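Take a look at the structure set out below.
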Number of protein chains: 2
Amino acid sequence: MNIGELSSLTGASIRSLRYYEQKGLLSPFRKDNGYREYAPFAVEQVRSIQLYLNLGLSTDEIAGILQCVLKNKEAFCEEVLPIYRQKLQDIDEQIELLTNIRQNLTDRIDAILLERSISGQEE
Amino acid sequence: MNIGELSSLTGASIRSLRYYEQKGLLSPFRKDNGYREYAPFAVEQVRSIQLYLNLGLSTDEIAGILQCVLKNKEAFCEEVLPIYRQKLQDIDEQIELLTNIRQNLTDRIDAILLERSISGQEE
DNA sequence: GTAAAGCCTGACATTAATGTGAGGGTCAAG
DNA sequence: CTTGACCCTCACATTAATGTCAGGCTTTAC
């Protein structure tokens, strides 16, 4: 299939599909006219890429995963474990940071509300 | 004081101090030679800016807050409430998103570990 | 007076995935 | 054969705060 069809089937923009190829995540054939020719399973490949992107992985990290997955013909691949674990740690740190900021924010909001109630709203 | 001293006292880079000025967060006087002249309380101003930045507020949002705080001579200022609340909501959404991703990640990690234990590691 | 250190402006680089547009082939239907 | 839809590459723009460099003043210390 051509790139436009793949784009429609996956929701990924044509621009993104070309970018994924540039980053080594897709390798469509080229027809004589220069057009990219995608195999039907490219739809699943793109869906996988979208899923990994949603996990917060970079295209470089995804490239490593896909290479491994291709070799093992299976989505469960030992080599992605350290990547997943690293990402999990990153996310936990982000959540902790956000939680701290959240606490700071609610404290400040409470302080404003307290100030308001003390200074009186009898106008 | 000159910009270098303010930078030392606050930890903000000279580049950042100039940027804050460009964004309307600081308004140092200019000496005859063109040098910026900062009042002593600029140290506290910069510390406030750094705090707001750590809360995840943009310089544009901070500009609004500082304007209000300047008028009211008090850090507790009604007009910042909606900004804080919006930011709080943003952060809650981010935390929720990250939590979902985290769940997805742990699921995948568990699946890999399960796969490993099933396929056997008796080598 | 000279050298070093400090300051100035302006401008480009960084990150990462994606948008967008120019300029130009290709294909399909009429 | 023409028109419109599709494809190609190349390249610049986006975001936001900060880094960094160039070219050029000023101040300070010697």
Side-chain angles (χ1 to χ4, degrees), chain A residues 1-39 42 45-66 83 86-87 90-91 94 97 101, chain B residues 1-39 42 45-66 83 86-87 90-91 94 97 101:
Chain A
M1 81 190 80
N2 281 345
I3 197 171
E5 189 179 356
L6 181 60
S7 174
S8 301
L9 290 177
T10 60
S13 72
I14 291 178
R15 176 68 174 86
S16 293
L17 294 177
R18 295 196 183 119
Y19 179 69
Y20 299 157
E21 176 179 355
Q22 180 191 328
K23 300 295 285 186
L25 308 184
L26 291 175
S27 297
F29 298 113
R30 289 305 181 109
K31 293 190 282 197
D32 286 348
N33 58 14
Y35 285 20
R36 290 167 177 82
E37 172 66 27
Y38 292 92
Q45 286 184 315
V46 174
R47 296 233 166 89
S48 294
I49 293 170
Q50 292 172 322
L51 184 145
Y52 288 128
L53 285 175
N54 281 337
L55 287 180
L57 300 182
S58 70
T59 49
D60 287 342
E61 290 169 321
I62 297 173
I65 291 178
L66 291 187
I83 299 178
Q86 178 61 56
K87 198 67 204 174
D90 293 346
I91 286 178
Q94 274 190 66
L97 179 63
I101 292 172
Chain B
M1 83 188 81
N2 281 344
I3 198 172
E5 189 179 355
L6 182 59
S7 174
S8 301
L9 290 176
T10 61
S13 72
I14 291 178
R15 176 67 175 87
S16 293
L17 294 176
R18 295 197 183 118
Y19 178 70
Y20 299 156
E21 177 180 354
Q22 180 191 327
K23 301 294 285 185
L25 308 185
L26 290 175
S27 297
F29 299 113
R30 289 304 180 110
K31 293 190 282 195
D32 287 347
N33 58 16
Y35 284 20
R36 291 167 176 83
E37 171 66 27
Y38 293 92
Q45 286 183 314
V46 173
R47 295 234 167 89
S48 294
I49 293 170
Q50 292 171 322
L51 185 146
Y52 289 128
L53 285 175
N54 281 337
L55 287 179
L57 300 182
S58 70
T59 50
D60 288 342
E61 289 169 321
I62 297 173
I65 291 179
L66 290 187
I83 299 178
Q86 178 61 55
K87 198 68 205 174
D90 293 347
I91 285 177
Q94 275 190 65
L97 179 63
I101 293 172

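Chain naming here is simple, since letters A, B, ... match the order of the sequence lines and numbering starts at 1 in each. Just so it is clear, the model here is predicted, and its values are computed rather than measured.
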Legend entry - Qualifying residue, where the test is side-chain contact (heavy atoms from CB on, under 4.5 Å) with A:L26 and the options are A:V46, A:I3, A:L66: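 The side-chain contact (heavy atoms from CB on, under 4.5 Å) with A:L26 is passed solely by A:V46 among A:V46, A:I3, A:L66.
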
Expressed in angstrom and rounded to an integer, what is the separation of [X] atom [atom1] from [N] atom [atom2]?
X: B:L57; N: D:dT15; atom1: CG; atom2: P; result: 19 Å
X: A:Q22; N: C:dA16; atom1: CD; atom2: C1'; result: 11 Å
X: B:I3; N: D:dT27; atom1: CD1; atom2: P; result: 16 Å
X: A:L17; N: C:dA17; atom1: CG; atom2: P; result: 15 Å
X: A:D32; N: D:dC8; atom1: CG; atom2: P; result: 14 Å
X: B:K23; N: D:dT15; atom1: NZ; atom2: P; result: 11 Å
X: B:L26; N: D:dA17; atom1: CG; atom2: P; result: 14 Å
X: B:N54; N: D:dA16; atom1: CG; atom2: C1'; result: 15 Å

Inset, instruction - Drop me the distance from B:R36's CZ to B:S27's OG, to the nearest 0.5 angstrom. - result: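 That separation rounds to 11.0 Å.
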
Legend entry - Most 5' of A:I14 and A:N33 on DNA chain C, judged by nearest nucleotide: A:I14

Would you indicate which nucleotide in [options] comes nearest to any side-chain atom of [X]?
X: A:R15; options: D:dC6, C:dG19, D:dT18; result: C:dG19
X: B:Y35; options: D:dT26, D:dT9, C:dT18; result: D:dT26
X: B:Y19; options: D:dT20, D:dA17, D:dC7; result: D:dA17
X: A:L53; options: C:dG6, C:dG19, C:dA17; result: C:dA17

Inset, instruction - Take A:N2 and B:D60, find for each the nucleotide of DNA chain D with the closest heavy atom, and name the residue whose nucleotide sits nearer the 5' end. - result: A:N2

Inset, instruction - On DNA chain D, check which nucleotide each of A:R30 and B:T59 is closest to and give me the residue with the more 5' one. - result: A:R30

Inset, instruction - Check every strand shown and say whether B:R18 touches a base, only sugar-phosphate, or nothing at a heavy-atom separation below 4.0 Å. - result: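 If one applies the 4.0 Å heavy-atom cut-off, B:R18 turns out to touch a base.
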
Inset, instruction - For the residue pair B:Y52 and B:K87, establish whether any side-chain heavy-atom pair is separated by less than 4.5 Å. - result: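 Counting from C-beta outward, B:Y52 and B:K87 never come under 4.5 Å.
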
Legend entry - Test item: side-chain donor near acceptor, A:Q94 and A:D90, under 3.5 Å: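 Their side chains do not contain a donor-acceptor pair, so the 3.5 Å distance test is not met.
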
Legend entry - Residue-phosphate contact under 4.0 Å: B:S58 side-chain N/O, D:dA16 OP1/OP2: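 Checking B:S58 against D:dA16: no side-chain N or O falls below 4.0 Å of OP1 or OP2.
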
Inset, instruction - Kindly say if B:Y20 contacts the phosphate of D:dT18, meaning a side-chain N or O under 4.0 Å from OP1 or OP2. - result: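 Answer yes for this pair, as a side-chain N or O of B:Y20 is under 4.0 Å from OP1 or OP2.
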
Inset, instruction - List the atom of A:Y38, the atom of A:L17, and the distance in Å for their closest heavy-atom pair. - result: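 For A:Y38 versus A:L17, the nearest heavy atoms are OH-CB, 4.3 Å.
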
